[in-house]
Amino acid sequence: MVRIRDDDSSEDEAPPSERTSQPPAAAPEAEPEPAAAPEPAAAPLPPAAAAEDDSSDEDDDVPLSKRKAVENVITAKPQPAAPSPKPKANGNGVAPPKPAAAKAPAAPKAAKAAKAPASPKAKEKKKPKYSESSADDDADSDSDYDKKPAKKQKKAPAKPSAKGGGGGDDAGTSYGDRWYEEVDGSEWKRGGVKWKTLEHGGVMFPPLYTPHGKPFYYDGAAVPLTAEQEEVATMFAAMRETDYAKKETFQKNFMEAWRPLLKKTDEGKPVKKFDKCDFSAIAAHLEEEKARKKEMTKEQKAEAKKEKDAAEAHCVFALIDSRKEKVGNFRVEPPGLFRGRGEHPKMGKLKARIWPEDITINVGEGAPVPAVPDLGDGKRHRWGDVVHDNTVTWLAKWMDSINGDVKYVMLAANSSWKGMSDLAKYEKARELKKHIGRIRADYMKGMKNPDMEAQQKASSSARRRAPRPAPPAAVAVYLIDRLALRVGNEKNTDEEADTVGCTSLRVEHVFLDEGDNKLRLKFLGKDSIEYDATTDIIPEAYKALKSFVKKKKPGDQVFDQVNPTELNDYFKHFMEGLSAKVFRTYNASITLDAELRKTEQMVSARQRAAEGDVVALMAYYNIANKNVAELCNHQRATPASHANAIAKMDEKIETLKAELKELKKAGSGKERASPSPPRPPRPTRPGGTPRPRPVEAMTKRISKMEADRRNKDETKNVSLGTSKINYNDPRVTVAWCKRFEVPIHRPFPKTLLAKFTWAMSVEPDYEF
DNA sequence: CTCTCTACTTAGTAAATCCAGT
DNA sequence: ACTGGATTTACTAAGTAGAGAG
């Protein structure tokens, strides 16, 4: 059970997976509690013996280069020399690292100073609320990661210097500004001032189309195409083996987009029917191109990459209040056929090419406006607009031709802006811990509210205290809380795929006949990912739901009258800034925390001995991660190679087991002679028949193999990444790594490490 | 209020890269 | 050293939700 920090109530705070209501994620089949999971095959040796020789092994799999990176991320001092305070107007002044005296003020602080009268107070909470001990702990905790001595320093800390003109720093290691030591996230507000100075290199445009001249056939006859026509034909040819290309909607939309282009030059013989189109020659050409690319030598590839990097270098970084920050998506989206998810009515439409004239640049008032690149079409282009809006974080934007929605160019995930916002998100979610008891109590009462008919509205914000939701709103909140559903904003089904969330659930998505107090929901959620789970729910909710679906048609809304805005207004009564999505973050993170707190019980010594500490621990971490992913219904397509891979593993396991048997039989006596045999150099020999190895090594290998197999199968269609990136408070993971001496790069690959720099110095006993 | 606009987070998949087994 | 599968990153679609307009 999670210990409760500064909380009054002893309300049920258990994460969903620990409550009576069964974990929502998976299908009806009972989810194996982690407890049931990894049990190593019987280890014939005393664990201790096996454990002994393990550590070296484990160290080996820690690439030192990476470890170095980790260290950098954690300990990197703020670059003492900030870039020049006022770069001169040279269009790409962002690139070269410039020396300067000016100390960079953290953006949000500036923001606060600028607008918040509360700024003196803010100063006091310099240090993150939840980290009890002070600045020096930083160094301490860092050293946790160095316990395993960095023995062989393969590479000197050589920087991958001067990558392009970009200033020569690898992602995430040297922007220097430790904003997270100054702020606690609370100052990150929409509409607030985000920067004082902003300078950047604009955007990169995709290359113009180069015609290949390969024939297109219609009804058996070659139809010559202009470059413009060929471009679109080629887009389709490139996709013709995908599922999209086989869908009627896609074909129809594609033809509707393409035909008008064709008309311009068509004489009398219109290309009309999709079925008569033959793109095979073009497709063959694309294949060839791909093959040619593949055949390039290593040097050629490196050369090409170098050129590309050089061309983009000026866009890679932005200079914000004298901090150098990485830009995320500075490449303008190329034209193409729209790939909407699910049954999207617009799939196959032509997404138009974006020109400088379509783009609005946001840049500091005094800063140079980024140069409009030469697109190579012989025309002089200009930006559509240039603005200086310091209340937003986008550097450029344009309107997308498919849905008319705005696309933004923003900073990368490792930037301080994203980091602050991330920190604020998790602090908000932690704050919910303090209020969740009241909220749950309130919606429980709400469900029993007799004036069901009266109105389904949550409560008007005019009502100041004790908001009491009407039953429907109460049930909706219950589902958002316990099943981690999204709120479900309204959608336009003519223009978008038909997907729903909590408030937009329809009668046809709800099944109440699976048993008493069992709720089955089956619907398409975000990205048209199916949610299909049966959950034990409280009788009050069950009863209420029955009444909500009564006398309604399948297509009717279950929660008519309940809408996201009202729910969010209602949430505001309990906590500032509380909205429906916070519940997902809260539930995800608290689940991860709770699961990881069981590590000692769940990862047996035997297991650790057999598989190695880090391996066993990470296997458990992944199980915890998986539980969160299932809670949030994060899915992925089963990898095509899955069945194959499993079969292979089974085969391998069998082989190993047979070998083990042999080994035992053969070496029964002497094998054990020396208690700790000096580790022979890894017998990596070519050829098949493995030289006999110590029994314990073989056993270890088998258990690892089996653990891997189990893991792979259980996660074949669970996407772990999404929760790791967006829902799990990284400090939970970092603290766990510190407690169990797991290298942080095991759960967090390079980019996540960079993204979560702000979380690295957390105390080992951090609690979500 | 309701509806639309805006900005930002969250999401799965395609492409690129890595890496382990031959 | 190669290669194919696994892992990681890039890409961009699809959500949420606050703010502003009507």
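Naming: A, B, ... by sequence-line order, numbering from 1 per chain. Since this is a predicted model, take the numbers as computed values, not measurements.
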Student: Output the single nucleotide from B:dA11, B:dC8, C:dC11 whose closest atom is nearest the side chain of A:R331.
Tutor: C:dC11
Student: Any side-chain N or O of A:S421 below 4.0 angstrom from OP1/OP2 of B:dT9?
Tutor: yes
Student: By the 4.0 Å heavy-atom rule, please label A:K712 as base, sugar-phosphate, or nothing.
Tutor: sugar-phosphate
Student: With sequence neighbours left out, write down each residue that passes ring pair (Phe, Tyr, Trp, His ring centres under 6.0 Å) with A:F330, or none if nothing qualifies.
Tutor: none
Student: When every nucleotide of nucleotides 16-22 of chain C is labelled 5' to 3' by its protein contacts under 4.0 Å (heavy atoms), B for base, S for sugar-phosphate only, - for none, what sequence of letters results?
Tutor: BBBS---
Student: Are the side chain of A:D405 and the backbone of A:D400 linked by a donor-acceptor contact shorter than 3.5 Å?
Tutor: no
Student: So, do A:F338 and A:H344 have ring centers that fall under 6.0 Å from each other?
Tutor: yes
Student: Between A:W188 and A:K428, is there a cation-pi geometry (under 6.0 Å to ring centre, at most 45° from the normal)?
Tutor: no
Student: For B:dT9, take OP1 and OP2 only and decide whether either is under 4.0 Å from a side-chain N or O of A:K526.
Tutor: no
Student: Starting at atom CE of A:M420, determine the distance to atom C1' of B:dA7, rounded to an integer number of angstrom.
Tutor: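 After rounding, the reported distance stands at 17 Å.
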Student: Round to a whole Å and report the spacing from CH2 of A:W394 to P of B:dT6.
Tutor: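 Distance, rounded to whole Å: 10 Å.
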Student: For B:dG12, does either OP1 or OP2 sit under 4.0 Å from a side-chain N or O belonging to A:T722?
Tutor: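 Indeed, a polar side-chain atom of A:T722 lies that close.
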Student: Tell me which of A:T565 and A:K425 sits closer to the 5' end of DNA chain B, going by the nucleotide each one is nearest to.
Tutor: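 Nearer the 5' end of the strand: A:T565.
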Student: With a 4.0 Å limit, can you tell me whether A:R746 has a side-chain N or O closer than that to the phosphate oxygens OP1/OP2 of C:dT7?
Tutor: no
Student: Would you call the rings of A:Y408 and A:W394 parallel, tilted or perpendicular if under 30° counts as parallel and over 60° as perpendicular?
Tutor: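 Tilted.
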Student: Report, one line per pair, each donor and acceptor closer than 3.5 Å where one atom sits in a side chain of residues 639-650 of chain A; sequence neighbours left out.
Tutor:
| from | atom 1 | to | atom 2 | distance (Å) |
| --- | --- | --- | --- | --- |
| A:H642 | NE2 | A:D713 | OD1 | 2.9 |
| A:D650 | OD1 | A:R709 | NH1 | 2.7 |
| A:D650 | OD2 | A:R709 | NH1 | 2.8 |

Student: Any idea which of C:dT12, C:dT9, C:dC11 is nearest the A:N329 side chain?
Tutor: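 Looking only at side-chain atoms, A:N329 lies closest to C:dT12.
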Student: Pick the nucleotide of DNA chain C nearest each of A:K491 and A:K648; which residue has the one closer to the 5' end?
Tutor: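 Nearer the 5' end of the strand: A:K648.
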Student: Of the options A:K351, A:K397, A:R339, A:R353, which is the one that meets A:E333 in a salt bridge (Lys or Arg N to Asp or Glu O under 4.0 Å)?
Tutor: A:K351
Student: Treating A:Y426 as the side-chain partner and A:N728 as the backbone partner, does any N or O pair qualify as donor plus acceptor under 3.5 Å?
Tutor: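 The answer is yes, because a donor-acceptor pair under 3.5 Å joins these two groups.
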Student: Side chain of A:R331, backbone of A:M204: donor and acceptor closer than 3.5 Å?
Tutor: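 It does not hold such a pair.
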Student: B:dA7 P sits how many Å from A:N390 CG, rounded?
Tutor: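 That distance rounds to 13 Å.
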Student: Would you say the side-chain atoms of A:N253 pair up with the backbone N or O of A:P345, donor to acceptor, closer than 3.5 Å?
Tutor: yes
Student: For residues A:E490 and A:S504, is any side-chain donor paired with an opposing acceptor at under 3.5 Å?
Tutor: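 Note: A:E490 and A:S504 side chains miss the donor-acceptor criterion.
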Student: For the pair made of OH in A:Y244 and P in C:dT12, what is the distance, rounded to whole Å?
Tutor: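 After rounding, the reported distance stands at 13 Å.
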Student: Give the C-alpha distance, both sets of side-chain angles, the deciding distance and a yes or no for side chain to side chain contact (heavy atoms under 4.5 Å, CB included) between A:V742 and A:M618.
Tutor: CA-CA 8 Å; A:V742 173; A:M618 278 311 296; 3.9 Å; yes
Student: Under a 4.5 Å cut-off applied to non-hydrogen side-chain atoms, are A:W417 and A:D422 in contact?
Tutor: no
Student: Heavy atoms under 4.0 Å, any strand shown: does A:I529 hit a base, just sugar-phosphate, or nothing?
Tutor: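 Sugar-phosphate, backbone atoms only, no base.
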Student: Starting at atom NZ of A:K428, determine the distance to atom P of B:dT9, rounded to an integer number of angstrom.
Tutor: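 Those two atoms, NZ and P, are 15 Å apart.
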Student: Give, ordered by number, those residues of residues 337-345 of chain A having at least one heavy-atom distance below 4.0 Å to an atom of DNA chain C; if nothing qualifies, reply none.
Tutor: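 Within residues 337-345 of chain A, the residues near DNA chain C are A:F338, A:R339, A:G340, A:R341, A:H344.
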Student: Is any NZ, NE, NH1 or NH2 atom of the basic residue among A:K306 and A:D309 found under 4.0 Å from an Asp or Glu carboxylate oxygen of the other?
Tutor: no
Student: Among residues 634-643 of chain A, which ones have heavy-atom contacts with DNA chain B below 4.0 Å?
Tutor: A:H634, A:Q635, A:R636, A:A637
Student: Which residue lies toward the 5' end of DNA chain C, A:D527 or A:I725, if each is placed at its nearest nucleotide?
Tutor: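 First, find each residue's nearest nucleotide; the 5'-ward one identifies A:I725.
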Student: May I have the distance from A:E495 (atom CD) to C:dG15 (atom C1'), rounded to whole angstrom?
Tutor: 16 Å
Student: With a 4.0 Å limit, can you tell me whether A:Y727 has a side-chain N or O closer than that to the phosphate oxygens OP1/OP2 of B:dA11?
Tutor: yes
Student: Should A:N717 and A:Q635 be marked as a side chain to side chain contact (heavy atoms under 4.5 Å, CB included) after you check the CA-CA gap, both sets of side-chain angles, and the distance that decides it?
Tutor: CA-CA 6 Å; A:N717 42 35; A:Q635 300 187 5; 5.6 Å; no
Student: In residues 395-408 of chain A, what residues come within less than 4.0 Å of DNA chain B, judged by heavy atoms?
Tutor: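 The answer is A:K397, A:Y408.
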Student: What is the separation between atom CZ on A:R584 and atom P on C:dG15, rounded to the nearest whole Å?
Tutor: 12 Å
Student: Hey, does A:K290 reach any base, or is it just sugar-phosphate, or nothing, if we go heavy atoms under 4.0 Å?
Tutor: nothing
Student: Whole angstroms only, please: what is the NZ-C1' distance between A:K750 and B:dT17?
Tutor: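 For the pair A:K750 NZ and B:dT17 C1', the rounded distance is 10 Å.
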